[in-house]
Amino acid sequence: MYIVGAGPGDPGLLTIRAARAIASSSYIVYDRLISREIRETFPAAAKCVCVDELGFMESLASMVDWSRSGTVCRVKAGDPFMFGRGWEEVEYLHRSGVEYEVIPGVSSVNGAACSSMIPLTYRGLSSSFAVTTAVTSGGRGADLRRFGSFDGTLVVLMSGKSVARVSRDLMDGGMDPGMPAAVITRGTEPGQEVHRGTLRTFASTDREYPSPSMLVVGPTVSLWGSLNGVPATDA
């Protein structure tokens, strides 16, 4: 049994170990956010199922059952232990007596930002970054006002449908409305887009961005384009 981090979407960013685990598996259970390009690397003979179709608990029970007859690969977007319920899955496998290996993956946090030519840190502008999510475990919108005083680069995952609310939360928490910000959609994939603006402009938009999307806020976003990076559109 493998728990594999598949990275942010580009199959070229799969680790060698992850690619080998996928290639050797008879059963593959994957996230909805796994890109088409990565799904195309799945073995033709493997039984491939999306976890969203089975349901979380049913997928775990199926993986345990399938592990008795072949190699199972649980393919997760990004890194298994970053906002992906990976530890819950490992706990279930442990209780079920199933041997497993966890394979790290490139997180969308740095993968999408790097491929968009937006540094998360830069001497003199930002010496730290923080990562959070726009949605709580219960599916409700997270209150992000507590990050309003953060002076580094803030990355807000799963924010495509709530960019305006998140931006207002940050301003209500004290962050400068003129702070540079960018929404990255489909990071590292062929359809990647970067939408630039400020907290003020994103707070006033009624636009929703396709999943997967993440919001990057902070001084380093102002560096985008200084070296002719990925083309961007205004928010």
Side-chain angles (χ1 to χ4, degrees), residues 2-23 25 28-44 46 48-53 73-80 82-84 86 103-120 129 131 133-135 153 155-163 166 180-197 202 205 207-217 220-235:
Y2 296 105
I3 310 294
V4 168
D10 181 351
L13 295 177
L14 282 170
T15 65
I16 294 174
R17 182 177 293 186
R20 287 174 177 170
I22 290 172
S25 295
I28 295 179
V29 180
Y30 62 93
D31 288 340
R32 173 180 56 85
L33 292 179
I34 296 298
S35 68
R36 175 180 56 81
E37 290 78 14
I38 288 180
R39 295 198 306 272
E40 289 176 348
T41 70
F42 295 169
C48 302
V49 181
C50 179
V51 68
D52 299 85
E53 297 173 0
C73 191
R74 173 68 173 97
V75 182
K76 301 179 69 64
D79 182 86
M82 287 190 67
F83 298 104
I103 300 176
V106 175
S107 171
S108 60
V109 173
N110 58 304
C114 186
S115 69
S116 301
M117 296 297 288
I118 297 176
L120 296 179
F129 66 91
V131 183
T133 173
V135 183
T153 306
V155 178
V156 185
L157 301 176
M158 296 176 276
S159 54
K161 296 185 181 302
S162 53
V163 167
V166 168
V183 173
I184 303 172
T185 65
R186 301 189 180 96
T188 77
E189 298 179 34
Q192 173 178 295
E193 295 180 352
V194 180
H195 305 268
R196 62 187 176 187
F202 281 116
T205 185
R207 181 171 182 176
E208 294 186 354
Y209 297 89
S211 183
S213 293
M214 73 182 202
L215 175 67
V216 185
V217 183
T220 60
V221 177
S222 65
L223 297 174
W224 179 93
S226 62
L227 300 178
N228 297 318
V230 177
T233 59
D234 293 330

Candidate list Arg36, Glu37, Glu40, test side chain to side chain contact (heavy atoms under 4.5 Å, CB included), partner Pro11, passing option = Glu37
Has the side chain of [X] got a donor or acceptor atom that lies under 3.5 Å from a matching backbone atom of [Y]?
X	Y	answer
Ser116	Ile118	no
Asp79	Val106	no
Ser115	Gly187	no
Arg39	Ile34	yes
Ser162	Ala134	no
Thr15	Ala18	yes

When rounded to the nearest 0.5 angstrom, what is the spacing between [atom1] in [X] and [atom2] in [Y]?
X	Y	atom1	atom2	result
Cys50	Asp31	SG	CG	7.5 Å
Cys48	Ile28	SG	CD1	4.5 Å
Met82	Thr133	CE	OG1	10.5 Å
Tyr209	Thr185	OH	OG1	9.0 Å
Ser213	Leu157	OG	CG	10.5 Å
Tyr30	Ile38	OH	CD1	12.5 Å

Is there side-chain contact between [X] and [Y], with heavy atoms separated by less than 4.5 Å?
X	Y	value
Val216	Thr153	yes
Glu189	Pro212	yes
Pro8	Leu13	yes
Phe129	Thr220	no
Val135	Lys161	no
Pro43	Ile22	yes

Looking only at heavy atoms, what is the nearest atom pair of [X] and [Y], with distance?
X	Y	value
Thr188	Gly9	OG1-N, 3.6 Å
Arg32	Ser211	NH1-OG, 4.2 Å
Pro104	Pro80	CA-CD, 4.2 Å
Ile103	Ala21	CD1-CB, 3.7 Å
Ala77	Leu33	CB-CB, 4.2 Å
Leu120	Ala113	CD2-CB, 3.9 Å

Of all residues at least two apart in sequence or in a different chain, which pass the side-chain hydrogen bond (donor to acceptor under 3.5 Å, both in side chains) check with Arg20?
-> none
Would you sort out whether Arg196 and Val221 count as a side chain to side chain contact (heavy atoms under 4.5 Å, CB included), showing the intermediate values?
-> CA-CA 8 Å; Arg196 62 187 176 187; Val221 177; 5.8 Å; no
Stepwise, does the side chain to side chain contact (heavy atoms under 4.5 Å, CB included) test hold for Phe202 with Val217?
-> CA-CA 11 Å; Phe202 281 116; Val217 183; over 6 Å; no
